[in-house]
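What follows is a set of notes on a single structure, which appears directly below.
This one's a predicted model, so the numbers in the text were calculated from it and none came from an experiment. Atom set for the values below is all heavy atoms of this structure, side chains included, hydrogens, waters and symmetry mates excluded. Letters go in sequence order (proteins before strands), and every chain restarts at 1.
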Protein chains: 2
Amino acid sequence: MKQQIPVTSLQRLPVYLNYLKSLENTDRNISSGAIAAALGMGEVLVRKDLAYTSAQGKTRIGYRCGELISAIEEYLGCNRVLPAVIFGAGGLGRALMSYGGFKNYGINIVAAFDNDPDKTDKFVADIRICRVSEAAEVIRRHNVKLAVICVPASVAQEVCDTLVGCGICAVLNFAPVLLKVPEGVNVRNIDVAANLAILSSQI
Amino acid sequence: MKQQIPVTSLQRLPVYLNYLKSLENTDRNISSGAIAAALGMGEVLVRKDLAYTSAQGKTRIGYRCGELISAIEEYLGCNRVLPAVIFGAGGLGRALMSYGGFKNYGINIVAAFDNDPDKTDKFVADIRICRVSEAAEVIRRHNVKLAVICVPASVAQEVCDTLVGCGICAVLNFAPVLLKVPEGVNVRNIDVAANLAILSSQI
């Protein structure tokens, strides 16, 4: 992905993709207006979203349907597989292991880790929960750069340091703390409560 | 909250609050620079974040520490309690029920709902998992306006329609679908996979 895409646009791309693939005949043209109408969205929004991909729409003609599908798939990385790990196999970690949505973006969860011996060496959705002592080896073997942190806030920084030490350079953090990372490591935070608080301010 | 605050700013406010409360003496002045230094953040960022609250900093003097605490607490709604419900008590729903972070923002999860009889009438973190047939009554009784949707994508729209019918006007949606809602209802989406995909584009 060349350009920094807003998460709201990115999460609409699989929606377009599913719709386009549901069409019986993809060997035809389709306009951004037709896509917008079918999905109950604004036409300008659809056009802006699709502009992040390499697809080229033509005025009054639209997109070649098959080319648009390929462009979205390429953008979403459906054709490559990027390995990722989940750290923390509590309720949230296990929910994410069972969650099928990562495949939409070409991301494959190869392992999870937990420090609770009652949880390790078990499988959730065919993903093994490994011991923390195995992390360095598993991450190296699968060449993992991407990790999801789902541990309690009190240990999140320590876990993050360990992961960075193992070569992780992109972290999705669910713990409600601000992680300190060295330069070159990217962190995105998902603070569920903060999102709910923003909604509550609009009531 | 009068002004639309970015989620990244909002999730830093509890961090400032915890830091300020950890100070032994709050009956003194503190500058945005001192806060920034203590938390390893940029001073401009701190000042911008705090400007969303009603706190008034003075040049070369800073903020009255106690007033800043009150302003952040007021902004975060720590002094009011807003009831919310969780729909779907699978792995993610149960993880959110156990998650303590909502209290930071004055949000109280009063009930969860699930259509699986094996899950209902049980408690997670003192929150009862109710039958779906109870939703209207529970939502009305607690005057709930805020709901979190953690059901599979295939049933999310149906659940959303039910919730809106019960008077919910703010929805935090974890299902990877775009929900259609009537005007006046706010939706925020948390698409975990999309966030991970954005990170993966930066590797």
Q: Answer with side chain, backbone, both or neither: which region of B:Ile107 has an atom nearer than 4.5 Å to a non-hydrogen atom of chain A?
A: side chain
**Q.** Side chain, backbone, both or neither of B:Pro6 within contact of chain A (heavy atoms, under 4.5 Å)
**A.** backbone
Q. Which bit of A:Arg94 comes within less than 4.5 Å of chain B, counting heavy atoms only: side chain, backbone, both or neither?
A. neither
Q. Between B:Val148, B:Val171, B:Thr8, B:Val124, which shows the greatest number of heavy-atom pairs under 4.5 Å with chain A?
A. B:Val171
Q. Quick check: are there more than 12 heavy atoms from other residues, nucleotides or ligands sitting under 6.0 Å from CD of B:Gln56?
A. no
**Q.** Residue part contacting chain B, namely of A:Leu82, when any heavy atom lies under 4.5 Å
**A.** side chain
Q. Would A:Glu134 and A:Arg141 pass as an ion pair if we require N to O under 4.0 Å?
A. no
Q.
So for A:Met41, is it side chain, backbone, both, or neither that comes closer than 4.5 Å to the heavy atoms of chain B?
A. side chain
Q.
Between the side chains of A:Arg80 and A:Glu73, is the shortest nitrogen-to-carboxylate-oxygen separation below 4.0 Å, so that they form an ion pair?
A. no
Q: Run the salt-bridge test on B:Lys180 and B:Asp161 with the 4.0 Å N-O cut-off and return the result as yes or no.
A: no
(Q) Using 0.5 Å steps for rounding, measure from the OH atom of A:Tyr52 to the CD1 atom of A:Ile72. (A) 14.5 Å
Q | B:Lys48, NZ: over 12 other non-hydrogen atoms inside 6.0 angstrom | A | no
Q) Most heavy-atom pairs under 4.5 angstrom with chain B, which of A:Asn189, A:Leu13, A:Asn186? A) A:Asn186
Q | Interface moiety of A:Leu196 toward chain B, non-hydrogen atoms closer than 4.5 Å | A | both
Q.
Check B:Arg131 with B:Asp114, please: is the shortest side-chain N to carboxylate O separation under 4.0 Å?
A. no
**Q.** Proximity breakdown for A:Val15 and chain B, heavy-atom pairs closer than 4.5 Å
**A.** side chain
